Amino acid sequence: MNDAATIGLEVPTRTAGLLEALFRRSGVDGLHARTDRFERVVEGLQTLITQHREKDVEVLRFPPVMSRRNLEKSGYLHSFPHLLGAVCCLHGDETAIRAAVDRPDEKGGWVASLAATDLVLSPAACYPVYPLAAERGPVAGKGLIFDVACDCFRHEPSLNIDRMQSFRMREYVFVGAPGQVNAFRARWIERAQGIAEQLGLSHQLAGASDPFFGRVGKIMAVSQMEQELKLEMLIPVRSADEPTACMSFNCHRDHFGEAWGLRCEDGTVAHTGCVAFGIDRLALALFAQHGLDLVKWPRTVRTALSLNP
Ligand code: 5GP
Ligand code: ZN
């Protein structure tokens, strides 16, 4: 029995069909090998997002792991400890490592000897950029814009096709004065709606909150929602009634500025914001909307994704 058959019991046939056609199973929920058909669309999406890039944007591609200290300093550990994955390894000399490897399963196996390293799995593409920006000194008047991407990890195993533990995120990030961040976000909300239309995707914008941890987290989420600090573009993947967040538009206010000592030229704390594209979700949304046969997709959509010969 394959994943699609198992998952077909839980989710509508439509997404079971998607799963089977676009991915190969890994044996772990929310972790898939992607097929050529899926990757062609992913590449088209990346190119399309690049075509919409503004001028004077610095491009950085991050590894899927980042500095543990930097993520802690960003406040992630306190806000989302339940989603965080850390890289652990076997430490010590040959004898210690051999003993760990040979420890029987009933005594905890090798896993019992794992200890943390300096690395965590990046939970979003923009975290590594703030310390880099801060190192450069005061932010020039027009602000800084970055184009960043990485494979992200969030510890949320799920049978839902649109919730992956490992997924690709592309972001544009702005660092500068508060008004500039708002303007950046407003420009991108409009541009992103244009992209969704180019792609023939039905979409709606909605206020949202991040999945902050615990009871205190609930209060933070309410406050984030009230201040409209996070908006999401919802696009049907599993169902039209419960559309999936495929892009997000975030204002962090002075959160990262304070954490990293980011300053504007006038000495005020820099504000930051980001627009995030969930690449795997966008690709899934395209297949859910237009079907599995790329050749049958509307010509305009194929052109937008550079799929035409
Ligand atoms: P955010 O930081 O706003 O939670 O995530 C940014 C974007 O990453 C989301 O809008 C979404 O498209 C994508 N994303 C977030 N969580 C997941 C997930 O579990 N699976 C996949 N495939 N994409 C996700
Ligand atoms: Zn971000």
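Each ligand, and each atom within it, is numbered from 1 in the order the structure gives. In what follows, every heavy atom counts, from backbone to side chain, and hydrogens, waters and symmetry copies are set aside. Note that the structure is a prediction, hence the values are computed from the model and not measured.
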Salt-bridge test for Asp151 and Arg168: reply yes if a basic N is under 4.0 Å from a carboxylate O, no otherwise. no

Flag side-chain contact, heavy atom, 4.5 Å: Trp297 against Phe287: yes

Distances under 3.5 Å, N/O of ligand 1 against N/O of the protein: list each pair and its distance.
residue	atom	partner	partner atom	Å
ligand 1	2 (O)	Arg154	NH2	3.0
ligand 1	3 (O)	Lys230	NZ	2.7
ligand 1	3 (O)	Ser248	OG	2.8
ligand 1	4 (O)	Arg154	NH1	2.8
ligand 1	12 (O)	Ala245	O	3.0
ligand 1	12 (O)	Cys246	O	3.1
ligand 1	12 (O)	Gly278	N	3.4
ligand 1	19 (O)	Glu156	OE2	3.4
ligand 1	19 (O)	Met164	N	3.3
ligand 1	19 (O)	Met164	O	3.1
ligand 1	20 (N)	Asp162	O	3.4
ligand 1	20 (N)	Met164	N	3.0
ligand 1	23 (N)	Arg281	NE	3.3

Flag the pair Arg34 and Asp280 as a salt bridge only when some basic side-chain nitrogen lies within less than 4.0 angstrom of an acidic carboxylate oxygen. yes

I'd like to verify the contacts: list protein N, O or S atoms under a distance of 2.8 Å from the Zn ion (ligand 2). Cys126 SG, Glu171 OE1, Cys274 SG

Minimum heavy-atom distance Val181-Cys251, with the two atoms named: CG1-SG, 3.9 Å

Any luck finding a side-chain donor-acceptor pair between Thr272 and Arg253 under 3.5 Å? no

Assert yes or no for the condition that the ring centre distance of Tyr172 to Trp188 is strictly below 6.0 Å. yes

Short side-chain to backbone donor-acceptor contact, Glu171 and Ala125, under 3.5 Å: yes

What's the separation between atom SG in Cys246 and atom CZ in Phe277, rounded to the nearest 0.5 Å? 11.5 Å

Return yes if a side-chain donor-acceptor contact under 3.5 Å exists between Thr268 and Arg263, otherwise no. no

